[in-house]
Amino acid sequence: DRLQEQLQQSQQQYQQLETERDRLQEQLQQSQQQYQQLETERDRLQEQLQQSQQQSQQLETERDSLQQQLHQTQEELEEWSLQLQQNQKQYGSLQEQLKQTQQQLEQSKQQNQQTEKDRDCYLLMLHHTQEELEQYYFDFYETKGQLERLKLQEELAQKQQNSRQTQYELFVWDGWYAYQIGKREKMVECLQKAMKYTPYTPTETISNWLEKFAEFASNQRQEFNACTLTKSEEWKKIIQTTIVSKGKPENLLSV
């Protein structure tokens with residue numbers, strides 16, 4: 001009985017040991033699974049660590065780059081600040097120059113206005129002077145013409161010509177005087193009057209006028225161009241009123 005009892009105890013112990021073995025095996029399997037999970041987790045963490053390290057290096061590189069950019073930006077900012085100060089000084093200087101220029105412009109406008117007034121006054125004075133000068137020349141040539149006419153009249157009186165001949169030559173001289181001062185209509189009028197006193201035929205009268213004009217010009221040391229005279233409209237007018245109208249040859253229109 002005692003052996004039987006021991007046997008039973010041994011069997012119970014064996015069963016307990018098997019149970020414990022099974023439990024330990026199960027725990028071992030769980031431990032192995034946990035170990036594998038831990039290794040997997042470790043690998044994952046190592047991979048993450050590597051990625052983190054790479055990111056950290058990239059961030060450090062970016063940080064260094066940003067610091068360099070920040071340094072450059074600060075230098076540029078200082079340069080811009082200095083340039084801004086210089087521009088402000090230049091702006092102030094330009095404002096002062098602009099103010100001075102505006103003042104000079106106002107002064108220039110005032111001077112121009114005064115100059116225009118002076119110019120207008122000068123032009124008015126010049127116009128008056130020109131009128132006075134023209135009047136002076138007119139009076140001078142008028143007086144000179146009167147003196148020369150008186151001289152001619154004295155010479156004619158000394159020749160003891162008849163009054164008609166004297167009147168004729170005086171009117172011819174008046175025509176010449178009008179021609180030389182540019183009053184050709186007056187010349188026509190004087191020669192038409194001379195025609196009333198001429199002792200010559202119309203053809204001879206025309207030739208005599210040209211001879212007298214050339215003589216008067218020579219006496220006064222002036223040039224006389226007969227062609228210029230005979231081609232003028234005034235000369236043609238004289239011919240038409242004194243010669244052509246009386247049925248005389250038309251070749252007397254020019255010489």
Side-chain angles (χ1 to χ4, degrees), residues 1-138 182 228:
D1 293 333
R2 188 176 61 80
L3 290 171
Q4 185 68 29
E5 185 178 355
Q6 290 178 349
L7 179 62
Q8 290 178 349
Q9 290 178 351
S10 296
Q11 288 178 344
Q12 291 177 352
Q13 290 178 352
Y14 178 74
Q15 289 176 353
Q16 292 176 350
L17 289 172
E18 284 185 345
T19 301
E20 181 69 19
R21 184 198 64 187
D22 293 336
R23 188 182 64 78
L24 291 173
Q25 284 181 346
E26 185 178 355
Q27 288 182 351
L28 177 62
Q29 289 177 354
Q30 291 177 355
S31 297
Q32 287 177 344
Q33 291 177 354
Q34 291 177 353
Y35 177 76
Q36 289 177 352
Q37 291 177 353
L38 289 173
E39 283 186 339
T40 301
E41 182 68 17
R42 182 200 64 189
D43 294 338
R44 188 181 65 80
L45 291 174
Q46 285 180 346
E47 185 177 356
Q48 289 181 352
L49 177 61
Q50 290 177 353
Q51 292 177 354
S52 297
Q53 289 176 345
Q54 291 177 354
Q55 290 178 354
S56 177
Q57 290 177 354
Q58 290 178 356
L59 289 174
E60 286 180 356
T61 302
E62 291 178 357
R63 181 199 63 191
D64 294 339
S65 177
L66 289 174
Q67 285 181 344
Q68 185 176 3
Q69 291 179 2
L70 177 62
H71 180 69
Q72 292 178 351
T73 303
Q74 287 176 342
E75 290 181 348
E76 291 177 356
L77 181 60
E78 290 176 357
E79 291 178 358
W80 280 108
S81 177
L82 181 60
Q83 185 66 37
L84 177 61
Q85 292 177 359
Q86 293 178 350
N87 289 341
Q88 287 176 343
K89 290 181 180 179
Q90 292 177 355
Y91 177 71
S93 177
L94 287 175
Q95 281 186 326
E96 184 65 24
Q97 292 178 4
L98 177 61
K99 183 178 179 181
Q100 293 177 357
T101 302
Q102 289 175 340
Q103 292 176 350
Q104 293 175 355
L105 180 61
E106 291 297 328
Q107 293 176 356
S108 178
K109 286 182 179 178
Q110 294 177 359
Q111 291 177 356
N112 287 339
Q113 291 175 354
Q114 184 62 39
T115 301
E116 288 178 357
K117 291 180 181 179
D118 294 342
R119 182 199 62 188
D120 294 340
C121 182
Y122 170 76
L123 289 176
L124 182 60
M125 292 174 60
L126 180 61
H127 179 68
H128 290 329
T129 302
Q130 287 177 337
E131 289 181 343
E132 292 175 356
L133 185 61
E134 289 174 359
Q135 184 63 38
Y136 168 78
Y137 279 118
F138 176 79
T228 301

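This structure is a prediction, so every number in the text was calculated from the model and none was measured.
A side-chain donor-acceptor contact under 3.5 Å links S52 to the backbone of Q48. Between the side chain of S93 and the main chain of K89, no donor-acceptor pair closer than 3.5 Å is present.
One distance of note links CD of E41 with OH of Y35; it measures 14.5 Å at 0.5 Å rounding. We find the CG-CD distance between L7 and Q11 to be 4.5 Å, quoted to the nearest 0.5 Å. Once rounded to the nearest 0.5 Å, the distance linking CD of Q90 with CD of Q83 reads 7.0 Å. Annotation: the span from T40 atom OG1 to L45 atom CG amounts to 10.5 Å, rounded to 0.5 Å. Remark: E18 CD to Q16 CD distance equals 11.0 Å, nearest 0.5 Å. The CD atom of Q25 sits 12.5 Å away from the CD atom of Q30 when rounded to the nearest 0.5 Å.
When side chains are defined from C-beta on, S108 does not count as touching Q104, because their heavy atoms never get closer than 4.5 Å. Proximity of Q86 to L82: side-chain heavy atoms (C-beta onward) are separated by under 4.5 Å at one or more points.
Each of Q68, E62, Q67 was compared with D64 under the side chain to side chain contact (heavy atoms under 4.5 Å, CB included) criterion, and only Q67 meets it.
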